[in-house]
*Asks:* 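Let me begin by handing over the structure; questions about it come next.
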Amino acid sequence: MTFEKFLFYVFSAILVFAATMVITRRNPVHSALFLVLAFFTSSILWMLLEAEFLAIVLVLVYVGAVMVLFLFVVMMLDIDQAAMRAGFIKMLPVGLLVAGIMAVEMFLVVGPKYFGLDKYAMPAPHPADYSNTEELGNVLYTIYMYPVEIASVILLVGIIAAIGLTLRRRPDNKRIDPALQVQVKKGPDRIRVVKMPAEKKMEAK
Amino acid sequence: MDAFLDILWILIKIVAIVLPLMLCVAYYTLAERKVISYMQVRIGPNRVGPRGSLQPIADAVKLMFKEIILPTNANKTLFILAPMLSIGPALAAWAVFPFSEDLVLADINAGLLYLLALTSVGVYGVIIAGWASNSKYAFLSAIRCGAQIVAYEIAMGFALVVVLIAAGSLNLGDIVQAQAGSWGFLNWFWIPLLPIFVIYFVSGVAETNRAPFDVAEGESEIVAGFHVEYSGMTFAVFFLAEYANMILISALTAIMFMGGWLSPFHGIPLLGTLFDLVPGFIWLLLKTLVVAFLFLWFRATFPRYRYDQIMRLGWKVFIPITIVWIVLAGFFVAV
């Protein structure tokens, strides 16, 4: 067994363990953290496939951004565990049925008869100066130019829609406008001199 | 057997990087206290060793022998795990850092991307610490800190994209080489990318939760921040992580915008040939120290930002400017 193969089995075992923990832990924060571990190990598996760009971007995007926001929400939740567990036995047959169908379907599509060394030749390892990033860039911005551009426009529309849905001005909101704040003049804007009649001095008794 | 020797050799190299780094962190804390003292017309630590020079050692010994208190309602595993998660990325980032032309632990193609990924992972230590402590103050601070880091990470990432467009490479060594030229320090990226240089450094200050962006440790509002419940060595590890991150940001600023190990006088007659004899590592060290000093200077000078202003600066000022500069840089590179 080569060293790479050994690493593959070690990290695959960690990945499967982490993925199981995600769905079995009672505490949602623990589940989210095990999901982070799962992302990390799968990124290492991609690294073993010499896809270093995808591996690092997986960590950057999913671990560094998506899961942080996820964790934020999960931490502030107050989930009633008992209510979540209720009806587990009743739902179990349906769940097992769906899981079984999905497993069979996946086996049909990605079964061993489509893969293996007799179907595809063993890919030769790339030399040390091979840049996965450059290869990917060359392909993405030439052959797959339109799909990339269309996907990015769809994402942009998604961003605008998300902001548009949450953007609302409440009338009682005392928000501060920095543009107005910096325009304040030294004289009349800051101090208001109020004229008042002079008060009478108290007479000593 | 060969594989084993390789791993041993790599381990030796890692120790050779981490040990001096830890020493630097220890003395950076002393430098901070001294520099701020002199700026505030005080003397600062002056009891342990000559002129207080052994103060960090005394602090380290004290923290090591203090009891680690586990709060009763804390989540024990995560409580202990959090400091480790915060120092891990801070140290791992140094793996791709080029100390001179050929002195780098892992000379990988996607070095910049790796750095970006690791700095984004650093936020977990803080968030988990805040949650696992089971304390209101720690949790509030973790949320403040998390939101701030996520916001400034984007500006920082975009600033690095501009650098990568200008240099045409993700490899840190190649980025330094792209700044070499016959004009000495006028060739470095800080002139063509001046706004990006400023944005990168200010985002770096915000990313490390340093003054004036240190709302995560607002003493007057939330006691001490996400590490209120930590004591002894667990607290010290958070401290080490913060200072290691500051040194990392300083060193990266030196690499990305100030020519890394290049001599500033290269190409200037007489002066250039004289200073080319100085080893590149010395130049890198000097540049890093200058930027690291700025961190301390900021802390002694600026009052703390208000939280909504921090968010406004990150999202509404820095990110739009960096996006404009990405377009501009792309245009200039293409022409």
Side-chain angles (χ1 to χ4, degrees), chain A residues 2-4 6-7 25 27-30 32-37 39-40 43 47 50-77 126-137 141 163 174-179 181-182, chain B residues 2-4 6-7 75 77-78 81-82 85 88-89 92 96 106-124 126-128 130-132 134 139-140 142-143 145-147 149-151 153-154 156-157 160 164 168-171 174 306 308-309 312-313 315-317:
Chain A
T2 58
F3 188 56
E4 275 83 19
F6 171 71
L7 283 182
R25 290 306 307 221
N27 193 327
V29 173
H30 290 182
L33 288 174
F34 272 112
L35 191 56
V36 171
L37 180 63
F39 279 134
F40 247 109
S43 136
M47 199 77 95
E50 300 182 2
E52 82 265 4
F53 180 81
L54 288 179
I56 298 176
V57 165
L58 179 72
V59 172
L60 178 61
V61 174
Y62 280 90
V63 177
V66 173
M67 285 314 292
V68 172
L69 300 179
F70 220 87
L71 212 55
F72 256 45
V73 177
V74 168
M75 275 177 179
M76 285 185 271
L77 290 180
H126 294 285
D129 62 338
Y130 165 79
S131 174
N132 181 240
T133 317
E134 228 173 286
E135 291 288 291
L136 210 63
Y141 290 102
I163 294 173
K174 290 179 182 159
R175 59 183 290 129
I176 299 161
D177 189 354
Q181 280 182 324
V182 290
Chain B
D2 267 357
F4 176 73
D6 273 354
I7 292 177
N75 193 315
T77 332
L78 289 181
L81 198 67
L85 280 178
V96 294
D107 193 11
I108 62 173
N109 279 325
L112 203 59
L113 215 55
Y114 171 83
L115 277 174
L116 215 56
L118 276 184
T119 40
S120 69
V121 169
V123 64
Y124 278 98
V126 175
I127 297 183
I128 293 174
W131 184 78
N134 207 351
F139 190 57
L140 279 175
I143 293 210
C145 185
I149 290 180
V150 169
E153 202 176 273
I154 300 171
M156 219 168 159
L160 292 185
L164 121 82
S169 171
L170 279 169
N171 183 302
D174 290 347
R306 214 171 56 204
D308 62 317
Q309 288 172 337
R312 184 178 165 270
L313 184 72
W315 289 103
K316 292 189 178 172
V317 180

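Computed from a predicted structure; not experimentally measured.
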*Asks:* Side chain, backbone, both or neither: which part of A/Val36 has a non-hydrogen atom closer than 4.5 Å to chain B?
*Replies:* side chain
*Asks:* If you look at every heavy atom in A/Glu52 and B/Ala110, which pair is closest and at what distance?
*Replies:* CG-CB, 4.3 Å
*Asks:* Quick one, A/Asn27 with B/Asn75, criterion side chain to side chain contact (heavy atoms under 4.5 Å, CB included). Give me CA distance, side-chain angles, the key distance, then yes/no.
*Replies:* CA-CA 11 Å; A/Asn27 193 327; B/Asn75 193 315; 4.3 Å; yes
*Asks:* Roughly how far apart are B/Leu115 CG and A/Leu60 CG, rounded to 0.5 Å?
*Replies:* 11.0 Å
*Asks:* In the structure I gave you, are the side-chain heavy atoms of B/Val150 and A/Phe72 within less than 4.5 Å of one another anywhere?
*Replies:* no
*Asks:* Could you report the tightest heavy-atom contact between A/Val29 and B/Trp131, atom names first, then the distance?
*Replies:* CG2-CZ2, 3.4 Å
*Asks:* What is the distance from atom CE of A/Met67 to atom OG of B/Ser120, rounded to the nearest 0.5 Å?
*Replies:* 13.0 Å
*Asks:* Where does B/Ile149 contact chain A at under 4.5 Å (heavy atoms): side chain, backbone, both or neither?
*Replies:* neither
*Asks:* Please flag which part of B/Asn171 lies under 4.5 Å from any non-hydrogen atom of chain A: side chain, backbone, both or neither.
*Replies:* neither
*Asks:* Any chance you could lay out the side chain to side chain contact (heavy atoms under 4.5 Å, CB included) test for B/Ile143 and A/Met76, step after step, and finish with the verdict?
*Replies:* CA-CA 10 Å; B/Ile143 293 210; A/Met76 285 185 271; 3.6 Å; yes
*Asks:* Assess whether atom CZ of A/Phe34 is packed by more than 12 heavy atoms of other residues, nucleotides or ligands within 6.0 Å.
*Replies:* yes
*Asks:* In Å, rounded to the nearest 0.5 Å, how long is the span from CG of B/Leu81 to CG of A/Leu33?
*Replies:* 8.0 Å
*Asks:* Measuring only between side-chain heavy atoms, which start at C-beta, is B/Thr77 closer than 4.5 Å to A/His30?
*Replies:* no
*Asks:* Just so I know, are the side chains of B/Leu170 and A/Glu134 near enough to count as touching, which here means a heavy-atom distance under 4.5 Å?
*Replies:* no
*Asks:* If I compare all heavy atoms of B/Leu113 with all of A/Ile56, which pair ends up nearest, and what's the gap?
*Replies:* O-CG2, 3.4 Å
*Asks:* Can you check side chain to side chain contact (heavy atoms under 4.5 Å, CB included) on B/Tyr124 and A/Leu71, steps first, answer last?
*Replies:* CA-CA 9 Å; B/Tyr124 278 98; A/Leu71 212 55; 3.8 Å; yes
*Asks:* Checking heavy atoms, do the side chain of B/Glu153, its backbone, both or neither come under 4.5 Å from chain A?
*Replies:* side chain
